[in-house]
Amino acid sequence: MQILSLILLLAAAFGVFILAMKYLLGPAPAGYHAEILKADNIEITGILPTLFRAINIVFASSFLAISFAIASLSWYAFQSLLQWPLVIAVVVALLAGLPSAEIARRMEQKSNVRTPWRMGYALVLLVTLGFILAYI
């Protein structure tokens, strides 16, 4: 179970890395952000694209840090046979993932525009399962 646990944790870290790359390299505003703004008759002109690029870079850098934390702490936990790094990795994932996914879910409900909340909850689930399997 230890290997499966590590695979799930590293897969979650990679998923967060993919999200980071989408925000870093993707359009600003992101597709769903633009749809939400257009649904409310807001034109994406002037400083708005620059503002969204700045927000996307903050998202990307935060996701990169979370990805690095989950991967490195998980790897260290399994190499050292210590529990505390794995606990910190899960706490990082839960503190970042649950609010992010839930806010995106609520935005989808309000705007009727599909947001990436499903991926957020899926990544939280992967980390949680990986954590549980580490102790079975």
Sequence neighbours excluded, which residues qualify as side chain to side chain contact (heavy atoms under 4.5 Å, CB included) partners of Gln83? Tyr135

Counting neighbours of CD1 on Ile3 that are heavy atoms of other residues, nucleotides or ligands and sit closer than 6.0 Å, is the number greater than 12? no

For residues 35-42, run the donor-acceptor check on the side chains, cut-off 3.5 Å, and write out each pair with its distance to 0.1 Å, sequence neighbours left out.
none

Between Ala104 and Thr115, the two heavy atoms sitting closest are O-OG1, 2.7 Å

Shortest non-hydrogen contact from Ala12 toward Leu126: CB-CB, 3.9 Å

Could you give the distance from CD1 (Ile66) to CG (Leu95), rounded to the nearest 0.5 Å? 9.5 Å

Less than 4.5 Å apart, any side-chain heavy atom of Leu19 and any of Met119? yes

Mind listing the closest non-hydrogen atom pair of Ile44 and Pro49 along with its distance? CG2-CG, 3.9 Å

Suppose the criterion is side chain to side chain donor-acceptor pair (under 3.5 Å): which pairs have a residue in residues 52-81, not counting sequence neighbours? none

Qualifying residue for side-chain contact (heavy atoms from CB on, under 4.5 Å) with Leu73, from Leu9, Val87, Leu86, Ile88: Ile88

Is there any side chain to side chain donor-acceptor pair (under 3.5 Å) pair reaching into residues 123-133, and which pairs are they, with sequence neighbours excluded? none

Report yes or no: do Ile18 and Val58 belong to one cluster of Ile/Leu/Val/Met/Phe/Trp/Tyr joined by side chain heavy-atom distances under 4.5 Å? no

Single-linkage hydrophobic cluster, 4.5 Å side-chain cutoff, Phe78 and Leu133 together: yes

Count the heavy atoms belonging to other residues, nucleotides or ligands that lie under 6.0 Å from CZ of Arg118, then report whether that count exceeds 12. yes

Scan side-chain atoms only and decide if Glu108 and Trp117 contain a donor-acceptor pair under the 3.5 Å cut-off. yes

Between Ala77 and Pro85 the two heavy atoms that sit nearest each other are CB-CB, 3.9 Å

Between Val127 and Leu94, is there a side-chain heavy-atom distance shorter than 4.5 Å? no

Give a yes or no on whether Leu82 and Ile132 share a hydrophobic cluster (residues Ile, Leu, Val, Met, Phe, Trp, Tyr; joining criterion: side-chain heavy atoms under 4.5 Å apart). yes

Here the gap from His33 atom NE2 to Ser111 atom OG, rounded to the nearest 0.5 Å, amounts to 10.0 Å

Could you check whether any side-chain N or O of Ser5 sits under 3.5 Å from a backbone N or O of Met1, counting only pairs where one atom can act as donor and the other as acceptor? no

Leu129 and Leu4, any side-chain heavy atoms less than 4.5 Å apart: no

Contact list for residues 10-27, test side chain to side chain donor-acceptor pair (under 3.5 Å), sequence neighbours left out: Tyr23-Tyr32

Check for me, please, whether Met21 and Leu10 land in the same ILVMFWY cluster - side-chain distances under 4.5 Å, paths through other members count. no

Under the side chain to side chain contact (heavy atoms under 4.5 Å, CB included) test, which residues partner Leu51, sequence neighbours left out? Leu48, Ile55

Same hydrophobic cluster for Leu24 and Val16, using side-chain heavy-atom links shorter than 4.5 Å among ILVMFWY? no

Surrounding OH of Tyr121 (heavy atoms of other residues, nucleotides or ligands, distance under 6.0 Å), is the total greater than 12? yes

So which heavy atom on Ala89 is nearest to which on Ile70, and how close? O-CG1, 4.0 Å

